[in-house]
Amino acid sequence: MSAEAGFGFRRGGIAALRGLWLVPAMIPGLVLFCLTVTFLPLMIIGIGVLVVPVLVVATRSLADLARRRSLAWTGVEIPRPYRPEPEYDRGIPGVVQRCRHVLADPATWRDLLWLIADWVVGLFLSILALGFIAQGVFGLLHPFLWETLVDAGDSGWYTFLKVDSDGRAMLAVLLGIAYIFIGFAIAPAMLKAHAVFTRSLLAPTQKAEMRLRVAQLTVSRTDAVDASAAELRRIERDLHDGAQARLVAMGMNLGAAEALLETNPEAARALLTETREASAKALHELRDLVRGIHPPVLADRGLGDAVRALALESPLHVDVTVDVPGRLEAPVESAGYFAVNEVLTNVAKHAAAQNVWIDVRYRAGRLRIEVTDDGRGGAALEKGTGLRGIERRLGTFDGTLALVSPRGGPTTVTMELPCVLSSPKTSPS
């Protein structure tokens, strides 16, 4: 047997066993369906109001498990369709509001339909391949069993073949081998078909996708407006507290120097020297401010060199790998640059790390930035505003942020942004 054939049998065997595992995995779903159907009428007397939301949450957890299993086993991704939960009141009014919310969500009823439909369509798709394999094994045993079966009153039929002699028993063996081959061959397809069937019920409908998309865009627009307003306030504050204050002081110094020019030239000269130093500091602050708005290296040389510049300025040892075969859209480059800058700042302040590895690459229409440090770990999105701010900034571009930070480290922040290359990469002249 070739290695490719062996791999096919192994893949088919794994798929068949996974299909078998799906059968007992359906039992909790059947129990939840029966309980939900039982308690829905009891909402009239109040008991269902307390119990149904709990059953819905359990059903959604089971559906989420099916989504993860579908992605891990077959690569079929099933998005969550549920409406975001609002803030509920305390006490009984909040319980009633929660019950109304989950029952008004169409995804709740689709989950309920999935629980029972999985026992019909899902069960058939799960065990079909294993049924062929079991039937094939039964055929392989016919040379040893056919006489016993006939003596016990069996009709002797093996599917469409009547086994009443040793020769026909050998034909049953050949038929059994064919059944086994069919079972192993169709097992991966049946497992994927089960995942596709699950997606048809558990994925959001087109209307629900549109509603979720509108809600996401509303949040992204709000975040973008808030981020823009915060950036304007920062620029105003930096100008007021920095360059503007220095320019006012320079004007006062020049006025004083003009008054002292004839009576006390030495004092006037000292004031002019101080004013020159203040002008240099004001220019430096203005350059820093401009760099904070859009760094020149980012505009001139692109994201890769801008990230390398950040690495050189960092107090940590930072290794940068860049695989971006061209220039990205300016807003995406800016978002990626400032996200990396914020992550490096957080690592330097809080992670107690010595080394950082940054990997920037473009694949299949997405910019992926991965920042890993050897710090103490334990970071969480809920612990501060820094990572949440990055997540909101990326969210305005439909970007995502993922954090893996076990206790003791390492910590990995993965950011992805959908984008296109706007120009081919050129080497500097």
Side-chain angles (χ1 to χ4, degrees), residues 77 79 213 216-232 234-235 287-314 316 318-348 356-373 381 385-404 411-429:
E77 186 174 1
R213 180 63 177 156
Q216 181 183 4
L217 289 175
T218 301
V219 173
S220 297
R221 182 187 62 186
T222 302
D223 289 341
V225 171
D226 291 344
S228 177
E231 188 69 9
L232 286 174
R234 181 188 70 82
I235 294 172
R287 285 174 176 168
D288 288 342
L289 182 61
V290 170
R291 191 179 296 112
I293 298 172
H294 194 78
V297 65
L298 181 62
D300 296 340
R301 303 183 62 86
L303 181 61
D305 287 338
V307 171
R308 292 187 182 98
L310 286 176
L312 292 174
E313 295 173 0
S314 174
L316 306 173
V318 183
D319 287 331
V320 179
T321 303
V322 179
D323 184 10
V324 181
R327 288 298 299 269
L328 303 168
E329 300 161 314
V332 172
E333 284 191 334
S334 180
Y337 172 85
F338 286 109
V340 172
N341 186 30
E342 182 69 24
V343 172
L344 280 178
T345 302
N346 285 345
V347 172
V356 180
W357 297 268
I358 301 176
D359 183 75
V360 183
R361 62 184 62 247
Y362 177 85
R363 291 290 185 275
R366 298 186 73 85
L367 173 67
R368 179 184 175 93
I369 304 174
E370 190 174 277
V371 183
T372 304
D373 68 73
L381 291 173
T385 59
L387 291 175
R388 281 296 184 194
I390 298 172
E391 189 177 40
R392 286 193 296 270
R393 182 190 289 268
L394 299 179
T396 60
F397 299 90
D398 282 344
T400 59
L401 182 147
L403 173 67
V404 178
T411 294
T412 300
V413 179
T414 304
M415 299 166 281
E416 287 195 356
L417 285 163
C419 57
V420 295
L421 294 177
S422 60
S423 64
K425 193 171 187 178
T426 57
S427 59
S429 57

So how far is it from [X] [atom1] to [Y] [atom2], rounded to the nearest 0.5 Å?
X: Asn346; Y: Asn341; atom1: CG; atom2: CG; result: 10.0 Å
X: Thr411; Y: Asp373; atom1: OG1; atom2: CG; result: 4.5 Å
X: Ile358; Y: Leu310; atom1: CD1; atom2: CG; result: 7.5 Å
X: Arg301; Y: Arg327; atom1: CZ; atom2: CZ; result: 10.0 Å
X: Thr412; Y: Leu403; atom1: OG1; atom2: CG; result: 8.5 Å

Distance-only criterion, 3.5 Å: show the donor-acceptor pairs between side-chain atoms of residues 318-325 and protein atoms not counting sequence neighbours.
| from | atom 1 | to | atom 2 | distance (Å) |
| --- | --- | --- | --- | --- |
| Asp323 | OD2 | Arg363 | NH1 | 3.1 |
| Asp323 | OD2 | Arg363 | NH2 | 2.6 |

Scanning both residues in full, the closest heavy-atom pair of Cys419 with Leu328 reads SG-CD2, 3.8 Å
Minimal non-hydrogen separation, Leu417 against Gly336, with atom names =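 So the minimum-distance heavy-atom pair works out to CD1-N, 4.2 Å.
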Sequence-distant partners of Arg366, salt bridge (charged side-chain N to carboxylate O under 4.0 Å, His left out), two or more places apart =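 Glu416.
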Could you list the residues that satisfy salt bridge (charged side-chain N to carboxylate O under 4.0 Å, His left out) with Glu370, not counting sequence neighbours?
-> Arg368
Using the side chain to side chain contact (heavy atoms under 4.5 Å, CB included) rule, take Met415 and Val371 through it: C-alpha gap first, then chi angles, then the decisive distance, then the call.
-> CA-CA 9 Å; Met415 299 166 281; Val371 183; 4.1 Å; yes
Is the shortest heavy-atom distance from the side chain of Val307 to the side chain of Ile369 under 4.5 Å?
-> no
